[in-house]
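What follows is a single structure, written as structure tokens, with notes after it.
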Amino acid sequence: MHDAQFDHPVQLRQGERVELVRDASQASRLLKLSWPATRGKWYHAAARACARASEGKTLPHVARSVFEKAAQESRLI
């Protein structure tokens, strides 16, 4: 697993809870374990991009961008 650190964190809001997502591995865990039921095209793209960034096969800024779109799609931003 590579250090796929984001250049700046993505801030998610779930109710009163705020979470800063700092890297692709953390994003992957959130997508798998605690993502809301809203799972559209950006969710699936983010799951792939974050997994690939964690493997060193995609640049972290690409994974971050797709993850941010998934968060918007699920109304977490």
Applying side chain to side chain contact (heavy atoms under 4.5 Å, CB included), run through R22 and V10 and close with a yes or a no. CA-CA 7 Å; R22 293 181 167 84; V10 177; over 6 Å; no

Answer yes when E73 and K69 have at least one side-chain N-carboxylate O distance shorter than 4.0 Å, and no when they do not. no

Exercise: identify the closest heavy-atom pair between L12 and A71: CD2-CB, 3.5 Å

Does the side chain of S25 come within less than 4.5 Å of R29's, by heavy atoms? yes

Tell me whether the NZ or CZ atom of R39 lies within the 45° cone about the ring axis of Y43 and under 6.0 Å from its centre. yes

How long is the straight-line distance from OG of S54 back to CG of D23, given to the nearest 0.5 Å? 7.0 Å

In terms of hydrophobic clustering (I, L, V, M, F, W, Y; side-chain heavy atoms under 4.5 Å; direct or indirect links), are V21 and I77 co-clustered? yes

Grab the two heavy atoms, one from A45 and one from V66, that are nearest each other, plus how far apart they are. C-CG1, 3.5 Å

Looking only at heavy atoms, the pair that brings S28 and A51 closest together is OG-N, 3.6 Å

Who are the side-chain contact (heavy atoms from CB on, under 4.5 Å) partners of R75, not counting sequence neighbours? none

Side chain proximity check, L76 to P36, heavy atoms < 4.5 angstrom: yes

Indicate the atoms forming the closest heavy-atom contact of Q14 with S34, along with that distance. NE2-O, 3.5 Å

Partner of R13 under side chain to side chain contact (heavy atoms under 4.5 Å, CB included), chosen from Q11, E16, R17: Q11

Using every non-hydrogen atom in the two residues, find where A49 and T58 come nearest and quote the distance to one decimal. O-CB, 4.1 Å

Which pairs, with at least one residue in residues 3-32 and sequence neighbours excluded, count as a ring pair (Phe, Tyr, Trp, His ring centres under 6.0 Å)? none

For L20, is there any backbone N or O sitting under 3.5 Å from a side-chain donor or acceptor partner on Q26? yes

According to ring pair (Phe, Tyr, Trp, His ring centres under 6.0 Å), does anything in residues 44-65 pair up with another residue at least two apart or in another chain? List the pairs. none

